[in-house]
Amino acid sequence: MNQHPPCPDTPHPLTRRSALVRGGTLALLLTAPHIVRGAGIIAVRVWPAEDYTRVTIESDTPLKTTHLVVPSPPRLAVDIQDLQLDPTLRELVAKIQPDDPNIARVRVGQNTPEVVRLVFDLKRDTRPQVFNLAPVAAYRHRLVFDLYPAHPADPLEQLIAQRMKELGSTPAPAPAGKEDPLGSLIGQLGDKKPAKPTTPPKQPSKPKQPEPAAPAVRRSASGIVIVAIDPGHGGEDPGAVGPRGTREKDIVLSIARRLQTRINRTSVGGQPLRTYLTRDGDYFVPLGTRVAKARRVGAQLFISIHADAFTRPEAHGASVYALSQRGASSAAARCLADKENASDQIGGVNIRVRDAQVQRALLDMSTTVQVQHSLALGSAIIKPLAAIGDMHKKSVERANFAVLRAPDIPSVLVETAFISNPQEELKLRTAAFQEKLADAIFAGIRSHFAAHPPKARSRKA
Ligand SMILES: [Zn+2]
C-alpha cells in the first residue's frame with residue numbers, strides 16, 4: 001500500500017538493449033543450434049578487486065548450476081546445465097586479467113552435450129558464493145560467482161601499511177588474539193624516536209608471543225582520525241548515466257580519490273586525518289557492507305559521493321542529504337533515496353549470505369545525536385559547495401538512505417551535480433570541476449571538525 005506518488009524513472013543506457021533482447025530481435029541473430037536448446041548467453045562480465053572478484057553470466061533464462069570447490073590447488077568447478085557453449089561464453093577466458101587478485105585463469109568446455117563446465121583456477125584460498133539474480137533494471141537473468149579471499153586483508157592493517165610506507169618503516173606485529181594494528185602503529189608514531197638501525201628486523205624463524213600493547217600505545221591510538229569516503233555504485237551498478245554515456249560510478253570514484261589526497265595530508269588539532277575508501281575500484285559493494293566497513297575502521301565521518309539524475313535535463317545543482325528513518329523531507333528526497341537504495345538490487349546482493357556485521361549495522365537505529373551531527377556536517381559542506389556552483393537544494397534534505405544508517409557515525413550523502421544535465425555532465429567529466437568539488441567537500445569536513453572536534457579513536461568489533 002503506497003500512498004506516495006510514483007517516482008519518475010530515469011533513463012538507463014541498457015534499457016534499449018534489454019528491450020531488444022526481450023523483443024526477440026536478438027534471437028534472429030542467433031544461429032539455429034542456439035535456439036534449439038537451452039539458455040542464450042547475453043553477456044559475461046568480470047569485476048576484479050582485492051575485496052573479491054565477481055564473474056557475471058547474463059542469460060535470457062535462469063541458469064541451473066552445481067559447483068565444487070577443490071582446495072589444492074584452489075579451484076572452483078561449475079557445471080551449468082542445459083547450455084551449449086557459445087562464443088559469448090568463450091569470451092570469459094580472455095576477460096580474466098593477469099592482475100586479477102583472485103582468479104589466475106578460467107577454462108570453459110562442453111562437458112556433456114547438455115552441460116558446460118567452467119573451471120576457475122584461483123590465486124589464493126577462496127570462499128566462493130554462487131547465486132542467481134532475477135531480472136532487474138536493464139539486466140536479464142544473472143548467474144553470479146563472487147570469489148572472496150578466505151583470509152581477507154584487514155582494512156586497518158592496510159591503512160597502517162600505507163602509513164608505514166610513507167614513514168619508510170614496517171609495522172610491528174600485533175599482539176596475538178588482541179589485534180589492534182592501528183594502535184601499535186600509532187604507538188610507534190607517538191614515540192617518534194628515529195628508528196634505530198642497531199636492531200635488525202626479526203625473522204619469524206620461531207613462533208614468538210608478541211607482548212600485549214602497552215597502555216601508552218592504546219592511549220596514543222587516539223592520534224589518528226579516519227574519514228570514510230564512500231564512492232557510490234560500482235561494478236554491475238553504473239549508477240546514473242549522462243546523455244554522453246558518462247557513468248556516475250566512474251565520476252564519483254575520481255572525486256573520492258581527489259578528496260582522499262586532501263584529507264590524507266591534513267591534521268586536525270595535531271591528529272592526522274586518514275581516508276578510508278569503502279570502494280577503491282570498479283566493483284560492487286552492498287550498501288550495508290559500506291556502513292559495516294566504515295564502522296569497522298572506526299571512521300568518524302561518513303561521506304557518500306554521488307551524481308544526481310532526473311527525467312528533465314534542466315534539473316541541475318548539488319544537494320546534500322542526511323538520514324531520516326521516519327519519512328523524507330520531500331517527495332523528491334524520498335524518490336532519490338529509493339533510487340540510491342536500489343543499488344543493492346542492480347549491483348546484485350547475494351541475499352542468502354548476509355554478514356552478521358552488516359545485519360547488525362542495518363538493525364541498529366540511528367541516534368538523535370548521529371542525525372544532529374549529520375545535519376551539521378551537511379550544512380558545513382553545503383556552504384563551500386554553494387560557492388563553487390549552483391545548489392539544487394540550499395539546506396540539508398533528509399530521507400531513508402540505507403548507506404547513511406551507521407548509528408554512530410555522522411553520515412551524509414552528497415549529490416555533486418546532475419549527470420543527466422548535459423552542461424553539468426560536461427563539467428563533471430573535467431578534472432577542474434572534480435577538484436573544485438573535492439575542495440568544497442574537504443572545506444566542509446574541516447569546518448565541521450573545527451566545530452565538533454574528533455573523538456579518540458576506538459575500534460568497533
Ligand atoms: Zn548515486
Side-chain angles (χ1 to χ4, degrees), residues 7-15 136-139 228-259 277-291 294 302-313 315-324 328 330 332-349 378 381 385 391-393 396-405 411-421 424-425 427-429 433-434 437-438 441:
C7 298
D9 276 340
T10 45
H12 197 288
L14 297 178
T15 309
V136 65
Y139 291 124
I229 301 299
D230 176 55
H233 314 280
E236 296 269 294
D237 174 18
V241 178
R244 284 180 180 78
T246 314
R247 301 180 302 187
E248 179 184 1
K249 66 174 181 179
D250 300 325
I251 297 294
V252 298
L253 181 57
S254 178
I255 296 167
R257 286 180 174 149
R258 294 175 196 279
L259 185 52
L277 289 178
T278 57
R279 164 171 87 83
D280 194 6
D282 188 7
Y283 65 104
F284 172 68
V285 183
L287 298 170
T289 304
R290 294 167 189 260
V291 176
F302 182 97
I303 298 169
S304 193
I305 302 182
H306 291 257
D308 218 331
F310 197 63
T311 39
R312 288 184 299 108
H316 67 281
S319 41
V320 179
Y321 295 83
L323 181 70
S324 167
S330 69
R334 179 181 57 81
C335 289
L336 182 68
D338 286 352
K339 200 171 64 182
E340 299 294 7
N341 290 349
S343 178
D344 275 357
Q345 282 78 55
I346 299 165
V349 170
I381 292 173
L385 264 184
M391 292 303 294
H392 185 64
K393 298 280 179 189
V396 183
E397 293 272 302
R398 295 183 60 186
N400 197 358
F401 293 91
V403 82
L404 300 182
R405 286 179 201 156
S411 304
V412 295
L413 185 143
V414 179
E415 295 282 355
T416 48
F418 276 79
I419 205 166
S420 54
N421 177 304
E424 293 202 339
E425 180 194 25
K427 275 168 75 179
L428 281 169
R429 290 162 69 114
F433 189 60
Q434 290 180 10
L437 287 166
I441 298 168

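First listed ligand is number 1; within each ligand, the first listed atom is number 1. Atoms considered below: every heavy atom in the structure, side chains included; atoms not considered: hydrogens, waters and symmetry mates.
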Distance col, row C335:SG vs E340:CD, nearest 0.5 angstrom, shows 12.0 Å
E248 near the Zn ion (ligand 1) via N/O/S, less than 2.8 Å
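Short answer: yes, at least one N, O or S atom is under the cut-off.
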With respect to the Zn ion (ligand 1), please indicate if E415 possesses an N, O or S atom at a distance under 2.8 Å.
no
Does either side chain, that of H233 or that of E248, offer a donor lying less than 3.5 Å from an acceptor on the other one?
yes
Whether D282 and K249 form a salt bridge (side-chain N of Lys/Arg under 4.0 Å from carboxylate O of Asp/Glu) is what I want to check.
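Yes, charged N to carboxylate O under 4.0 Å.
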Check H306 and report its N/O/S atom nearest to the Zn ion (ligand 1), by atom name.
ND1
Nearest N/O/S atom of H233 with respect to the Zn ion (ligand 1), by atom name, please.
NE2
Does E415 form a side chain to side chain donor-acceptor pair (under 3.5 Å) with S319? I'd like the steps, not just the answer.
CA-CA 5 Å; E415 295 282 355; S319 41; over 6 Å; no
